[in-house]
2 protein chains.
Amino acid sequence: MISCPKCSEVGSIMKAGYVRNKQRYVCKDCNYFFTLSNPDQIAPIKNSRRHQTTIIDIARSTGVSNSTVSRALHGHADISPETRNAVLEMAAQLDYQPNQLAYNLVKSRTNTIGMIVPEFTNSFFPNIIIGAHELLTEAGYNLTIMQSNESYPIEVSNTKAMLANRIDGLLISLTQETNNYDHLKVFEKRGIPLVLFNRVCDYVSAPKVVVNDFEGSFLAVEHLILNGYERIAHLGGPLNLLVSRERLRGYRAAMEKYGKNIEENMVIQGMFSQQKARIYGKYLLDLESRPDAIFAVNDSSAIEIVLMALEKGIRIPDELGVVGFSDNPESAYIGPGLTTIRQPTHAIGKTSAQWVLQLIESEEEMILPNEKVLKTELIVRGSSKRNRS
Amino acid sequence: MISCPKCSEVGSIMKAGYVRNKQRYVCKDCNYFFTLSNPDQIAPIKNSRRHQTTIIDIARSTGVSNSTVSRALHGHADISPETRNAVLEMAAQLDYQPNQLAYNLVKSRTNTIGMIVPEFTNSFFPNIIIGAHELLTEAGYNLTIMQSNESYPIEVSNTKAMLANRIDGLLISLTQETNNYDHLKVFEKRGIPLVLFNRVCDYVSAPKVVVNDFEGSFLAVEHLILNGYERIAHLGGPLNLLVSRERLRGYRAAMEKYGKNIEENMVIQGMFSQQKARIYGKYLLDLESRPDAIFAVNDSSAIEIVLMALEKGIRIPDELGVVGFSDNPESAYIGPGLTTIRQPTHAIGKTSAQWVLQLIESEEEMILPNEKVLKTELIVRGSSKRNRS
DNA sequence: TTGTAAGCGTTATCAG
DNA sequence: CTGATAACGCTTACAA
């Protein structure tokens with residue numbers, strides 16, 4: 001039991017805050033304030049591992065209180081220039097590095113936006129990241145990136161980690177496996193701004209940033225038709241993804257508009273992967289009555305087809321027209337050059353980031369779920385140029 | 001002043017911890033414990049913005065203490081199955097999401113590794129990221145990626161942010177501008193594990209993961225020589241980067257070994273960028289006595305040269321041999337295919353990550369600064385195949 | 001202008 | 001097996 005150093009009373013001692021990081025007591029009897037000078041109790045710099053200098057260290061060495069230090073560090077008004085300078089100097093001298101963790105904890109915001117992408121292997125997502133990164137950095141936000149590796153369980157655990165780390169907002173592009181969206185609904189429920197991009201779904205009411213896959217697809221197929229191709233096959237993606245469905249829809253629409261017959265055995269849907277693309281491609285090229293053109297859901301698949309055709313000695317574009325989607329960096333150089341639909345990757349990233357920041361800043365006003373549709377662009381190269389007009 | 005509800009004493013009231021998140025008092029006179037039932041003081045769930053359920057909420061609703069909840073949540077031993085289950089159920093019911101921020105603060109570790117890369121535009125760094133990400137995720141670490149955009153000031157501010165966020169370790173590849181390394185020395189001083197990769201420097205005593213640029217370069221130039229090229233130019237990178245110096249060294253060594261004369265006006269060093277590459281390339285190709293081969297410091301530059309040569313009608317590989325470095329995805333398809341040196345990107349990422357984890361886990365033992373040198377591989381394609389043996 | 005003390009949400013060390 | 005309480009490092013009313 002603690003006794004008062006002045007009146008030796010024991011029952012009337014109350015805690016009375018801290019001074020220089022030490023417990024301070026007051027004796028209610030004689031109204032005497034004191035701290036215990038037990039050397040063991042002073043400055044408990046335990047935790048041996050390299051003590052990081054904190055605001056308290058600065059306060060102690062400057063002879064002011066923590067709050068004053070905090071204010072000086074943040075350039076708050078109402079602080080005398082001398083104290084401010086003293087604090088700032090001491091901070092520099094002690095090599096003070098603010099602890100963002102503590103800051104975030106008390107502010108309960110992290111100034112960090114999370115981003116989950118299914119993969120990095122193509123330049124597609126990296127380019128989107130660049131766009132988002134640019135805007136966020138400018139706005140003073142950090143970006144934490146995770147990749148789900150096209151795996152639903154990883155995606156779920158990523159969102160959990162993001163939640164635990166209290167990111168201020170999330171940008172996500174779904175895996176091709178994702179069919180359940182409960183992990184996203186958590187964000188709605190918790191009021192954490194969420195923006196879906198590129199690989200989106202209808203079942204969660206969050207803003208979505210996509211490109212006009214339908215239109216892009218339509219243009220691609222129309223271009224093939226205008227170049228005299230008749231029997232156009234479609235190598236599509238997994239149908240749970242909206243992109244795949246939209247591209248399929250665009251294909252069908254163009255074919256119908258020009259009165260072309262769709263041979264259903266030449267419309268294939270499957271997972272994205274080089275291996276699958278080879279299998280599907282082989283199937284299409286080995287068909288006894290081969291298509292005279294193939295519109296693929298992405299460039300990786302289209303490239304496989306071009307390479308396979310070259311191996312087999314099928315002449316491109318004369319015997320086979322090929323069009324892809326996305327404009328990968330290598331597409332310009334594949335065979336005679338791959339005709340493709342360019343996506344505005346940079347803009348996708350930028351738009352998504354912009355949107356999530358708006359949601360964060362707008363606080364109160366419920367912004368209605370909405371969608372931004374960016375334009376695509378047809379890039380004509382050798383793999384489809386058979387213009388016989 | 002607070003008075004005891006039992007004996008009405010005023011001077012002998014002491015704080016006595018908290019119960020259900022409310023201040024609890026004890027009267028030292030009658031030894032009566034109580035809390036104030038002032039409704040305003042109960043559960044100060046202020047901070048209106050969507051209260052996140054915390055451990056305390058669970059404790060309150062389950063009727064146990066926070067510590068018990070914490071233990072239950074982490075599956076600590078010494079807890080009765082009933083309590084555990086009750087807590088776990090309540091946690092699920094209240095949709096509890098742990099606050100990693102608070103956890104990190106008290107643990108003073110974040111389970112997060114930072115990574116700073118100069119750019120994303122080539123597939124080079126993304127591939128390294130994939131390698132590192134894979135290993136770190138497996139080891140239960142998060143990865144926070146920042147990009148310095150080849151800017152020294154951004155690099156510095158990135159490291160500051162990493163420091164503030166108390167990452168457990170940092171992987172960094174320097175910008176081509178970086179000439180001052182104080183921002184890295186901070187990590188040494190603070191004892192935060194640091195690993196440099198790819199773009200490293202000598203002035204900071206941290207482990208480095210690099211590829212054998214010298215050997216790779218040597219092989220590239222030797223390959224050109226063995227294919228009958230005589231007057232080989234070198235389009236190099238900025239000399240403050242070790243990679244550039246090593247590649248230059250490899251070039252010189254190979255030329256010397258085979259007794260080839262180095263024409264110094266055909267050895268150029270400059271910044272990495274497509275634009276610069278075009279300028280330097282034009283210079284080399286417009287030389288009145290043009291080199292018969294060019295070894296470029298990277299594929300992007302080599303590609304520019306190939307394209308320029310094709311425009312000018314210079315035949316590759318007959319009139320001009322070209323070799324690059326890195327094996328970009330498009331390199332296989334450029335012109336007749338670009339001969340290049342493949343770097344083990346995946347392994348670079350994996351090795352760096354592995355190393356930083358080792359440093360973190362090894363705690364006490366000072367591991368000596370060291371270097372890991374990974375092997376490169378010569379990929380022969382059309383742009384240099386003029387074998388006249 | 002400065003100081004006090006109550007949080008932010010956890011874990012960990014002691015006591016029971 | 002469980003509870004109380006002091007950290008972790010910082011911000012911010014509220015007092016002085």
Side-chain angles (χ1 to χ4, degrees), chain A residues 14-24 26 33 41 43-47 49 51-59 62-74 76-84 86-87 96-110 164-166, chain B residues 15-24 26 33 41 43-47 49 51-59 62-74 76-84 86-87 96-110 164 166:
Chain A
M14 287 180 67
K15 291 188 177 178
Y18 299 85
V19 60
R20 306 274 179 277
N21 206 25
K22 289 193 303 185
Q23 182 62 255
R24 187 191 188 206
V26 60
F33 282 83
Q41 228 172 297
I45 303 184
K46 52 182 181 186
N47 217 2
R49 51 154 56 242
H51 173 73
Q52 321 261 50
T53 81
T54 73
I55 260 189
I56 295 182
D57 296 315
I58 304 181
T62 323
V64 297
S65 74
N66 337 354
S67 15
T68 305
V69 174
S70 171
R71 282 187 281 247
L73 254 24
H74 289 289
H76 277 210
D78 289 351
I79 187 164
S80 78
E82 305 96 62
T83 351
R84 191 211 315 290
V87 167
Y96 170 73
Q97 299 281 356
N99 187 327
Q100 192 73 15
L101 260 45
Y103 181 93
N104 290 343
L105 180 59
V106 53
K107 292 289 221 175
S108 73
R109 77 197 308 264
T110 53
N165 281 297
R166 297 296 191 266
Chain B
K15 290 187 178 179
Y18 299 85
V19 58
R20 308 275 181 275
N21 208 24
K22 289 192 302 183
Q23 182 64 254
R24 186 190 188 206
V26 60
F33 282 84
Q41 226 171 302
I45 303 184
K46 51 181 179 188
N47 217 1
R49 52 153 56 243
H51 173 73
Q52 320 261 51
T53 81
T54 74
I55 263 187
I56 296 183
D57 296 317
I58 303 180
T62 323
V64 297
S65 73
N66 336 354
S67 5
T68 304
V69 173
S70 172
R71 281 187 283 248
L73 253 26
H74 289 289
H76 277 212
D78 289 350
I79 188 164
S80 77
E82 305 95 60
T83 344
R84 192 210 314 292
V87 168
Y96 169 73
Q97 299 281 356
N99 187 327
Q100 193 74 14
L101 261 43
Y103 181 93
N104 290 344
L105 179 60
V106 56
K107 291 289 220 176
S108 74
R109 78 196 309 264
T110 53
R166 298 294 191 268

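- Of the candidates C:dA5, D:dG3, D:dC10, the closest approach to any side-chain atom of A:Ser67 belongs to C:dA5.
- For B:Ser70 and C:dT10, the shortest distance from a side-chain N or O to OP1 or OP2 is not below 4.0 Å.
- With rounding to whole Å, B:Asn66 atom CG is found 9 Å from D:dG3 atom P.
- Nucleic acid contact class of A:Ser80 (heavy atoms, under 4.0 Å, all strands): sugar-phosphate only.
- Here CG of A:Asn165 is found 8.5 Å from OG1 of B:Thr110. Values are rounded to the nearest 0.5 Å.
- A:Leu101 has its CG atom 13 Å from the P atom of D:dT11, to the nearest Å.
- Side-chain N or O atoms of B:Thr54 include one that pairs as donor or acceptor with a backbone N or O of B:Ile56 at under 3.5 Å.
- For the pair A:Ile55 CD1 and D:dC8 P, the interatomic distance rounds to 14 Å; values are reported in whole Å.
- Distance CG/A:Leu101 to CD/B:Gln100: 9.0 Å, rounded to 0.5 Å.
- Within the 4.0 Å cut-off from OP1 or OP2 of D:dA7, not a single side-chain nitrogen or oxygen of B:Lys107 is found.
- You'll find that the side chain of B:His74 is closest to C:dT10, out of C:dG3, C:dT10, C:dT2.
- Put simply, B:Ser65 has no side-chain N or O that comes within less than 4.0 Å of OP1 or OP2 on D:dT2.
- For the pair B:Arg84 CZ and D:dC1 P, the interatomic distance rounds to 9 Å; values are reported in whole Å.
- Closest to the side chain of A:Thr68, from the set C:dT11, D:dC10, C:dG3, is C:dG3.
- Counting heavy atoms from C-beta outward, B:Leu105 and A:Asn99 have side chains that approach closer than 4.5 Å.
- Under 3.5 Å, the side chain of A:Thr83 and the base of C:dT1 form no donor-acceptor pair of N or O atoms.
- B:Leu105 places its CG atom 17 Å from the P atom of D:dA6, with the value rounded to the nearest Å.
- The CG atom of A:Asn99 sits 10 Å away from the P atom of D:dT11 (whole-angstrom rounding).
- Closest to the side chain of B:Ile56, from the set C:dT10, C:dG3, D:dC10, is C:dT10.
- Within 3.5 Å, a donor on the side chain of A:Arg71 pairs with an acceptor on the base of C:dG3, or the reverse.
- The distance between atom CZ of B:Arg109 and atom P of D:dG9, rounded to the nearest whole Å, is 16 Å.
- Between B:Arg166 and B:Pro81, it is B:Pro81 whose nearest contact on DNA chain D lies nearer the 5' terminus.
- B:Leu73 has its CG atom 7 Å from the P atom of C:dT11, to the nearest Å.
- Taking only side-chain nitrogens and oxygens, A:Tyr96 comes nearer than 4.0 Å to OP1 or OP2 of D:dC10.
- When atom types are taken as modelled, the side chain of A:Thr62 and the backbone of A:Ile58 share a donor-acceptor pair closer than 3.5 angstrom.
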